[in-house]
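Before any comments, here is the structure.
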Amino acid sequence: MTDSDLELVKRCQRARGRAFEAAYRELYDLYSTRIFTICLRVTGNEEDALDAAQETLVTLARRMKDFAFRSRFSSWVYRIAVNAAIDIRRRRLAGQRGSVTTVLASGDSDPLAEAAAKPERSDPLTNLTEMESAQAVRQALASINPRFSSLLVLRYMEDLSYEEIADVLVCNLGTVKSRLNRAHAALREYLTRQGEDPAGT
Amino acid sequence: MENHPEPDRLPERLEASLRQLGGVRAPDELWRRVALGISEPVEAPAELWDRVEPEVRAAGRPRPVLVFRRVAAAAAVVAVFALGFLLSGRDKPVSSQPAFAYFERVELRDSYLSRSIPITVQEDQLSPAARMLAGSMGAAVEGRL
C-alpha cells in the first residue's frame, strides 16, 4: 500500500457524511476487485459473492475508525473478506453441494466428462482445454473446504507471500505452509475425483 | 526464526489456471449496495417542520370536544322530543291521562291513596331510586308525606 493509499484511509477515518462517502468510494475503487475476486472464488457464485463483498465493504466502512495501522491495511481488508466469504459459503453449503453434484453428474454435456474422455487434443482445441481447465478449477475452489480455497485465492490470485498470508489469517508462517500443503492436496484430490488430471497433461 | 519446510508445489499448469482466475471486476451493483449500507441518516431541513406542523396541530386537537358536541346535539334532540310530548298532552282531558293527573290534582291523589294498600317498610330496605319513587308517589318518608 502506498503512502497515498494510507492517506486515503486516514481521510476516511476523519471524514463525515458526504465527504466520507466520497473518500470511501476511492477506497472502494482500490479494493473492490480484490474483495470481489476472493468472495467469488470462495463462494463459487456471483449472487453469494455480491452478498459477501457487500458485507465486507459495509463492515470495513463501519469499522474504519478501529484500524490502528498496526498491520497492513490490505491484510485487514483481506481478513474481513475471507471471513465474510467463508461465512456465506458455510450458510449455503448444503444447497451448493447439491448443485455441484448435479452439474458434474450431468453426463454427455458436461465439459469435464468430455475432457476426461479425450486424452489427446490437437492444437485447435487448446483454448477449449484451457476453458475446461479453468471451469474445473473454479468448481474445485467452490467445492473444497472454504478455508483451503481462501488460502489458494490469497496465494495464487492475490499473489500474497507466506508472511502476508500469515498476517491476514493471524497465524504463524509454519501454519500457513502446512495449511497450504493441505489445500494443494485437497485441490488435487478433488480434480482427480472429478476425472481431471491435476497436472494438466 | 523457525525454518519451516516449503509446501509442495502445484503442477505448473494447475497453478497457471489458478492465477488466471484472479482479478474479477465487481459488478456495478456492488457499489449501489454498499452506498446504501454506509449512507448516514440525513438531517431533515427546518422547512419540513413548517410543512408538517399545521397537520400535527389539527391532529392534536382534543377529541372530547367533538364528543361533547355530539352529546349536546343528542340531548337537544331528546329535549325537543320530550317537550313536544309534554305539550301535545296539555290540552287533553285529565281523565284520559291518569298518571299526569295524579301529579297535577291533589283530590285525585287522595282518592288513589284511599284505594291503595299501605305497606310499611324501613327506609334502609329501599334503594335510593325506590325511595325517590315512593316519595314522589306520596309515601310517608321519615314522617313526611
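Letters go in sequence order (proteins before strands), and every chain restarts at 1.
Note on A:R179, A:R41, A:R188, A:E21: by heavy-atom pairs under 4.5 Å with chain B, the leading option is A:R41. Note on B:L36, B:V34, B:L21: by heavy-atom pairs under 4.5 Å with chain A, the leading option is B:L21. Counting heavy-atom pairs closer than 4.5 Å to chain A, the top residue among B:E6, B:Q20, B:E29 is B:E6.
Side-chain contact between A:L191 and B:L14 is present, with at least one heavy-atom pair separated by less than 4.5 Å. When side chains are defined from C-beta on, A:K177 does not count as touching B:P5, because their heavy atoms never get closer than 4.5 Å. Counting heavy atoms from C-beta outward, A:L187 and B:L10 have side chains that approach closer than 4.5 Å. Taking 4.5 Å as the limit, every side-chain heavy atom of A:M64 sits out of range of all side-chain heavy atoms of B:I38. The side-chain heavy atoms of B:L18 and A:V153, taken from C-beta on, include no pair separated by under 4.5 Å.
Remark: B:E47 CD is loosely packed, at most 12 non-hydrogen atoms of other residues, nucleotides or ligands lying under 6.0 Å away.
When all heavy atoms are compared, the tightest approach of A:S133 to B:R13 is CB-NH2, 4.3 Å. The nearest pair of heavy atoms linking B:G37 to A:R62 is O-NH2, 3.2 Å. Closest heavy-atom contact between A:D159 and B:R19: OD1-NH1, 2.9 Å. Heavy-atom minimum distance, A:V137 versus B:S17: CG2-CB, 3.8 Å. Closest heavy-atom contact between A:Y28 and B:A26: OH-CB, 4.3 Å.
In this structure a side-chain-to-backbone donor-acceptor pair under 3.5 Å is missing from A:H184 to B:R9. No side-chain donor-acceptor contact under 3.5 Å links A:N181 to the backbone of B:P7. Under the 3.5 Å distance criterion, the side-chain polar atoms of B:R25 are left unmatched by any main-chain donor or acceptor of A:F36.
A:L60 does not touch chain B: none of its heavy atoms, backbone or side chain, sits under 4.5 Å away. When heavy atoms are compared at a cutoff of 4.5 Å, A:L141 approaches chain B solely by way of its side chain, counted from C-beta outward.
By a heavy-atom distance cut of under 4.5 Å, A:L50, A:D51, A:A53, A:Q54, A:L57 are the residues of residues 50-57 of chain A near chain B, going up by number.
Atom OH of A:Y24 sits about 12.5 Å away from atom OG of B:S39, to the nearest 0.5 Å.
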